[in-house]
Chemist: 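Take this structure first; my questions come after.
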Amino acid sequence: MSQLSSGICRRLNEAPQEEIEQLASGHTVQLLSVKKVSPTTNTTAPTDRYRIIISDGVHFIQAMLATQLNDLVTAGEINKNTVVVIDRLACNFVQDKRLIIVLDLHVVSRDEEKIGTPTAPPAFQEAPAPADAQVTPSFVASPAASSSMAQAKQPQTRTGPPGRSGKSVYPIEGLSPYQNNWTIKARVTQKSDIRTWSNQRGEGKLFNVTLMDETGEIRGTAFNTVVDDLYDRFEEGKVYYISKARVNLAKKKFSNIQNDYELSLEKNTEVEECLETTGVPMMKYSFVPLSSLEELQKDHTCDVIGIVKEVGPIGEITSKASNKTIPKRDLTIVDKSQYSVRLTLWGKQAEQFTADDLPVVAFKGVKVGDFGGRSLSMVSTSIMSIAPDIEEAHLLRGWYDGIGSGESFQSHSSALSGSSFGGFNRNEMRHLSDVKESQLGMSDKPEVFSCRATIAHIKSENISYPACPTQDCNKKVVDVGDGWKCEKCDKTFERPEYRYIMSMAVADWSAQAWLQGFNEAGLVVFGKTADEVHEIKENNEAEYNALMAQSTGVTFNFSCRAKQDTYNDQTRVRYGISKIIPLDYREEAKHLVELLKSSWAK
DNA sequence: CCCCCCCC
């Protein structure tokens, strides 16, 4: 049985803030409960938050799990009765309540019984709240109800750690709207240009910064006169103490920063450069190989690192929406996965990019597009770093200068890959009922979708046609007695080459649909050439029927093209097979495991 | 209070 750090819960419940954060590390506690906090009413679907109850065997207290630890819950690493060591925590004071946030922990043991019979610690009276406080928040208040609390004044009695008088440095991960007396120490990883806007609600100007510390990232925005005050104070890459900014709920739709909140930099916001920058990381990347870009959904963001193999000329486009002209420049980057992808720079970055010495460039938060299969584009929150001093960059440099420069690179637009050119995209799988209900293909242009379905029936009367054997002709040829004539090639051949043209009913759990398949589909379904099957059909009806029977009931992954078609004044959608892939059960199982681990499974 | 991120 584990030895718990008895007494720690009572101390966490009573100690003043500056002591709590020093109490933080090394205490062994048992989790009596790990529960998701009921979602807030806002519609932006913030990250899940977990409330935990920690016990030292004598007393128990409530705390919150930092969202960066959510994976521990979803992966089943921690749950009821898990014994853990708290490595780091933070404490928020919300008027007379304290909110403990566990920032880091590690598991000591699982499958324990509840240790001891812990009780709630004796009531403890915090320093009295100021008289102008109006709201008494519950333990975890809804962020929607937070604006009045964010204004609540708090006693300023803290002394803080050495290095900065009167201020304790607060982790970005722990920031919330419930408290306004904090100072973060953060690196500016990205600073936008000053942007102006004008709409029915008014006009103005703004800029954004992305701030990062060891615990997380947050976006900060300044408007109008604050732009004049602060824009020149921030320099990308430098570290600042920042305090007295307002913490608002982030509208996650508009940014890929991993934080439910964002900062509004205001008139009285304090910004002070910090030269002591140890422990403040330069940048956090999560690189994806260029080969796997097609697994990402269009419009999602990702981090990539590559060699800039080609620098396109500076160009200009005219935005359809705003009618503005914007400079652009396309780069082609390649990586170890032996793929290449086009990446577009905009504006100043497009104009100023000159590197022609095949540099390593890292990109954070670039947007995935589907032009040419897959493409990448810088957006305002993206960060480009030329020849960054990180391990991945050095490895890539070494690989390219050694063997990479001699390799050839696959582009996403090749017929073999790329979702918009007949590739199968697991992340954009549709159910057949959904395909039909959403009237895919009813618009002017064809639309593609992927699905998994089982062959229920193959129209067996006519599955192939006699085709011209000329490479890439494929036209139907006619029997002219002494041979087979192709009108297009104006040639007569001794024998045609049969090609599949088949119509088959497929079904998934939701619906059935008729799919049209051509030669490639037939080869996969029957495992024989159309010539061979034609031969069987002519000579052995029983064998032909057996082949048809054995080819039904088989499941495939498909990628299809839905297209409108008018025949006899009737317009309907036809689904063409652009790719048919036999199931790889190892691959399917791997995907299911990933699905079980994801928040979807909850 | 923005939130557009463009084009082919």
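Numbered from 1 within each chain, the chains take letters A, B, ... in sequence-line order.
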Chemist: Students often get this wrong, so: under 4.0 angstrom with heavy atoms, is A:Glu262 touching a base, only sugar-phosphate, or nothing?
Modeler: base

Chemist: Just how far, in rounded Å, is P of B:dC8 from CG of A:Leu345?
Modeler: 19 Å

Chemist: Among A:Leu376, A:Leu345, A:Val379, find the one that has a side-chain contact (heavy atoms from CB on, under 4.5 Å) with A:Val366.
Modeler: A:Leu376

Chemist: Please state how far atom CG in A:Leu343 lies from atom C1' in B:dC8, giving the value in whole angstrom units.
Modeler: 16 Å

Chemist: Hey, what's the ring geometry for A:His412 with A:Tyr339, parallel, tilted or perpendicular (30° and 60° as the breaks)?
Modeler: tilted

Chemist: For A:Lys367, which contact category applies under a 4.0 Å heavy-atom criterion: base, sugar-phosphate, or nothing?
Modeler: sugar-phosphate

Chemist: Do we see A:Phe371 stacking on the base of B:dC8, given a limit of 5.5 Å between centres and 30° between planes?
Modeler: yes

Chemist: Take atom NZ of A:Lys205 and atom C1' of B:dC1, then tell me their distance rounded to the nearest Å.
Modeler: 14 Å

Chemist: Does a side-chain N or O of A:Lys320 approach OP1 or OP2 of B:dC5 to a distance below 4.0 Å, or not?
Modeler: no

Chemist: Measure from CH2 on A:Trp346 to P on B:dC6 and round the result to the nearest Å.
Modeler: 6 Å

Chemist: Can you tell me if A:Lys328 touches the phosphate of B:dC5, counting only side-chain N or O atoms and a distance under 4.0 Å to OP1 or OP2?
Modeler: no

Chemist: OP1 or OP2 of B:dC8 sitting under 4.0 Å from any side-chain N/O of A:Arg342?
Modeler: no

Chemist: Quick one: side-chain contact (heavy atoms from CB on, under 4.5 Å) partners of A:Asp330, sequence neighbours excluded?
Modeler: A:Lys328, A:Arg342, A:Thr344

Chemist: Out of B:dC2, B:dC5, B:dC8, which has the shortest distance to the side chain of A:Arg195?
Modeler: B:dC2

Chemist: Enumerate the ring-ring contact (aromatic ring centres under 6.0 Å, His included) contacts for residues 286-306 of chain A, please, sequence neighbours excluded, ordered by first and then second residue.
Modeler: A:Tyr285-A:Phe287

Chemist: Within this structure, what is the CZ-to-P distance between A:Phe207 and B:dC5, rounded to whole angstrom?
Modeler: 22 Å

Chemist: Using whole Å, what does the distance between atom P of nucleotide B:dC4 and atom CD1 of A:Ile326 come to?
Modeler: 14 Å

Chemist: Starting the side chain at C-beta, find the nucleotide from B:dC1, B:dC5, B:dC2 nearest to A:Lys251.
Modeler: B:dC1

Chemist: How close or far is atom P of B:dC5 from atom CD of A:Gln190, stated in whole angstroms?
Modeler: 16 Å

Chemist: Without decimals, in angstroms, what is the distance between A:Asp330 CG and B:dC6 C1'?
Modeler: 12 Å

Chemist: Can you list the steps and then say if A:Arg233 with A:Asp229 is a salt bridge (charged side-chain N to carboxylate O under 4.0 Å, His left out)?
Modeler: CA-CA 8 Å; A:Arg233 302 272 296 280; A:Asp229 296 340; over 6 Å; no

Chemist: Could you tell me whether the phosphate oxygens of B:dC2, OP1 or OP2, come under 4.0 Å of any side-chain nitrogen or oxygen in A:Trp197?
Modeler: yes

Chemist: Tell me which nucleotide among B:dC8, B:dC6, B:dC3 gets nearest to the side chain of A:Ser319.
Modeler: B:dC6

